[in-house]
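Computed from a predicted structure; not experimentally measured.
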Amino acid sequence: MDDVTPTNGANGTNGSTGPQGSGQGDPPGTPGQAAGSSGGPAAGGRAGPAGEVPGGRALPKTGKSEQTRALILDTAMRLFRERGYDKTTMRAIAAEAGVSVGNAYYYFASKEFLIQGFYDSMTYDHAADARARMEGHKDFADRLEIALTSWIDCAAEYHGFASQFFRTAADPTSSLSPFSNESHPARATAVQLFHEVLSGSDIAPKLDAELAELLPEILWLYLMIVVLYWVFDQTPDTERTREFVRRSVPMSARVINLSRYRVFRPIVRDAKGLIQDFILPSIGRNAKP
């Protein structure tokens, strides 16, 4: 359990009362030291639309406050790797980052919201890496395998503690669930990437328009299967997960490619209806205000 409980709700706006002190919360952007290795926007608050910072309570208003938020997030991720998620408190993160506990809570209401910040940052980095790797590739199967392998590579350094917060993420009522409203910004970034995987491929012009509209979210669900396998994969360099991707992508690409033929249209329609009626409604569609 964390050392200090914030006075505002987890999704509150900038409060005037901090978790500690004399009634006035620490102002943003006043850390006890300069930003860490990431600096600037490298570690958080990059993927959401204007006015929205996934995984935190406060919207950074200046470059310095954005640095502070990035510093806190970078420090938390390092401590999670070194000590484990369960054994790292908000007080320890604040002390290591050189900021007050009130300042840490100003940007992140709890450890859960730090993980939301991590999701946002990780998804942004994955999308940028995958886009760079896909340049020049038109084959759909190649683009899909590149996107999935890119995620495994970008997440590699966090594999050691992933199972610790997966226990919370597996709870359907948790904000850490990839299907939650709170996870919407990171999920939207990932779905957009899979839209680009499809739209930049050789099969895009040949697909049924309605199916093509659903496919990016279906491919995101495919990524979630890969992530689940990766969390529990104890092989060196998560080689079994990589092999799972290598072997499952061609099969998935063949199924999607076959869907464009008229003889398979009834099956495609049935599958589309199943996804629309039972799978997509379970996914949080919007970020909470």
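- Using a 4.5 Å heavy-atom cutoff, the side chains of Phe244 and Asp233 are not in contact.
- Between Leu148 and Trp230, every side-chain heavy-atom pair lies at or beyond the 4.5 Å cut-off.
- Within the 4.5 Å cutoff, side-chain heavy atoms of Ser65 are placed close to those of Tyr107.
- Not one N or O on the side chain of Thr189 forms a donor-acceptor pair closer than 3.5 Å with the backbone of Tyr124.
- Judged purely by atom type and a 3.5 angstrom limit, His195 has no side-chain atom pairing as donor or acceptor with the backbone of Glu217.
- Arg143 contributes a side-chain N or O that, together with a main-chain N or O of Val197, makes up a donor-acceptor pair within less than 3.5 Å.
- For Tyr158 and Phe118, the ring centers sit closer than 6.0 Å to each other.
- The CE atom of Met134 sits 10.0 Å away from atom CG of Asp129, with the distance rounded to the nearest 0.5 Å.
- A salt bridge links Glu82 with Arg78; the closest basic N to acidic carboxylate O contact falls under 4.0 Å.
- Ionic pairing of Asp74 and Arg69 is not present here: no N-O contact between side-chain nitrogen and carboxylate oxygen is shorter than 4.0 angstrom.
- The side chain to side chain donor-acceptor pair (under 3.5 Å) check on Arg246 picks up Glu239, Glu243, with sequence neighbours excluded.
- Residues Ser201 and Lys138 form no side-chain contact, since every pair of their non-hydrogen atoms from C-beta on lies 4.5 Å or further apart.
- Side-chain contact between Arg133 and Asp142: absent, with no pair of heavy atoms (C-beta onward) separated by less than 4.5 Å.
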_Pair Thr241, His159 - check side chain to side chain contact (heavy atoms under 4.5 Å, CB included), show working._
CA-CA 12 Å; Thr241 305; His159 186 258; over 6 Å; no

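- No donor-acceptor pair closer than 3.5 Å links the side chain of Thr238 to the backbone N or O of Gln234.
- A donor-acceptor pair is defined here as one N or O able to donate and one able to accept, closer than 3.5 Å; no such pair exists between the side chain of Ser150 and the backbone of Ile146.
- Between Tyr106 and Thr68 there is no side-chain heavy-atom pair separated by less than 4.5 Å.
- Phe194 and Val255 are not part of a single hydrophobic cluster, where members link through side-chain heavy atoms under 4.5 Å apart.
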